Amino acid sequence: MSKQNPIETLRARATAFWQVRTEQERKLLRIGGVVVGLGLFYSLLVDPALTGRAQLHKELPQLHQQAAEMQVMAREAQALKGQNNIAPTPMTRDNLSAGLAARGLTPQSLNVTGEYAKLAFNGVQYAGVVAWLDAVRTESRINVVDASFTAQDTAGVVNATLTLRQGAR
């Protein structure tokens, strides 16, 4: 015995259903099928396209305005890109001393020559030195050229020797 395929079973049942219908019933079922098919076609394909088109037509003027604003901002940004940045305050002994004092740091020695500075610290908090270096880097464009840290017996305390340079980015 062979088991019948489910598709063949379904097809046989549909044929049997169709055969017992009168010609008028068949005609009504055909018309109903066409109406249902057209309804599905309209609701799945035509209506979303028409709705989307109307929505885009409504939003188009606003999108044009936004595009024009973005072009103006892009031109502004391009113009600002060409301008020179404000020069940082020059690195002086007084400026460095004031910044160190504000953070509670006292260097053992501080020498400034031109755009270079050499600092030496004894028994200073490592976190304080790093925070100060970050502040002078962002505010005055002072970069570390050379750094030497020696850990002390107390946790977080170091001896440090720093060479700094101020220059354009």
Side-chain angles (χ1 to χ4, degrees), residues 5-7 10 34-169:
N5 190 353
I7 295 175
L10 187 61
V34 169
V35 169
V36 168
L38 289 174
L40 283 173
F41 176 77
Y42 180 81
S43 66
L44 294 177
L45 299 176
V46 176
D47 185 47
L50 293 176
T51 306
R53 182 174 177 239
Q55 183 178 358
L56 288 176
H57 185 67
K58 237 185 346 186
E59 293 175 358
L60 193 60
Q62 182 182 6
L63 293 173
H64 281 302
Q65 180 182 359
Q66 288 175 355
E69 289 173 5
M70 286 177 58
Q71 287 174 348
V72 167
M73 285 187 227
R75 282 192 291 269
E76 254 179 62
Q78 192 66 25
L80 290 175
K81 181 181 172 187
Q83 293 180 356
N84 289 337
N85 293 333
I86 298 171
T89 57
M91 179 173 61
T92 63
R93 181 178 175 84
D94 293 336
N95 288 350
L96 290 175
S97 295
L100 288 166
R103 297 218 181 247
L105 300 171
T106 338
Q108 182 182 7
S109 68
L110 171 60
N111 298 317
V112 177
T113 49
E115 59 184 30
Y116 289 93
K118 186 158 179 116
L119 293 95
F121 295 97
N122 278 337
V124 70
Q125 288 291 325
Y126 176 76
V129 173
V130 171
W132 175 74
L133 286 172
D134 186 47
V136 296
R137 180 186 57 84
T138 55
E139 295 167 3
S140 303
R141 293 190 200 144
I142 296 175
N143 297 317
V144 177
V145 175
D146 185 41
S148 172
F149 292 95
T150 307
Q152 300 301 301
D153 292 335
T154 309
V157 176
V158 296
N159 288 345
T161 305
L162 304 170
T163 305
L164 308 175
R165 178 176 185 254
Q166 183 177 34
R169 293 196 178 187

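For this chain, numbers begin at 1 and follow the sequence in order. Remember, predicted model here, so these are calculated numbers, not experimental data.
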*asked:* Nearest 0.5 Å, please: how far is OH in Y116 from CG in N111?
replied: 15.0 Å
*Report yes or no: does N95 contribute a side-chain atom to a donor-acceptor pair with the main-chain N or O of P90 at less than 3.5 Å?*
yes
*When rounded to the nearest 0.5 angstrom, what is the spacing between CG in L100 and CG in L110?*
7.0 Å
*Evaluate the side-chain proximity of T161 to L119: yes if any heavy-atom separation is below 4.5 Å, no if none is.*
no
*At their closest point, which heavy atom of N159 faces which heavy atom of G123, and how far apart are they?*
OD1-N, 2.8 Å
_Is any side-chain heavy atom of R165 closer than 4.5 Å to one of N143?_
no
*Any side-chain heavy-atom pair of M91 and L96 under 4.5 Å*: yes
*So, for L105 and G128, which heavy atoms are closest and what is the spacing to 0.1 Å?*
CD1-O, 3.6 Å
*With sequence neighbours left out, what residues match Q108 under side chain to side chain donor-acceptor pair (under 3.5 Å)?*
N122
*Do other residues, nucleotides or ligands put more than 12 heavy atoms under 6.0 Å from the CG atom of L63?*
yes
*Measure the spacing between CD of Q125 and CD of Q152 and express it to the nearest 0.5 Å.*
11.5 Å
*Are side-chain heavy atoms of L50 and V46 found at a separation under 4.5 Å?*
yes
*asked:* Working to the nearest 0.5 angstrom, can you tell me the gap between Q71 CD and R75 CZ?
replied: 6.0 Å
*Atom CG of L60 and atom NE2 of H64: how far apart are they, to the nearest 0.5 Å?*
3.5 Å
_Non-hydrogen atoms of A117 and V112 that approach each other most closely_ = CB-CG2, 4.0 Å
*Looking at L44 and P48, what are the two nearest heavy atoms and their distance?*
O-CG, 3.6 Å
*Between V34 and L38, is any pair of side-chain heavy atoms under 4.5 Å apart?*
yes
_Can you confirm whether Q62 is buried at CD, in the sense that more than 12 heavy atoms of other residues, nucleotides or ligands lie under 6.0 Å from that atom?_
no
*Any side-chain heavy atom of F41 sitting closer than 4.5 Å to one from V36?*
no
*How many angstroms lie between CG in L133 and CG in L164, if you round to the nearest 0.5 Å?*
6.5 Å
*Are any of the side-chain heavy atoms of K118 and L162 separated by less than 4.5 Å?*
no
_Whether Q166 side chain and S140 backbone form a donor-acceptor pair below 3.5 Å_ = yes
*Taking C-beta and beyond as the side chain, do V157 and Y126 meet within less than 4.5 Å on heavy atoms?*
no
*Could you tell me whether F149 atom CZ has more than 12 heavy atoms of other residues or ligands within 6.0 Å of it?*
yes
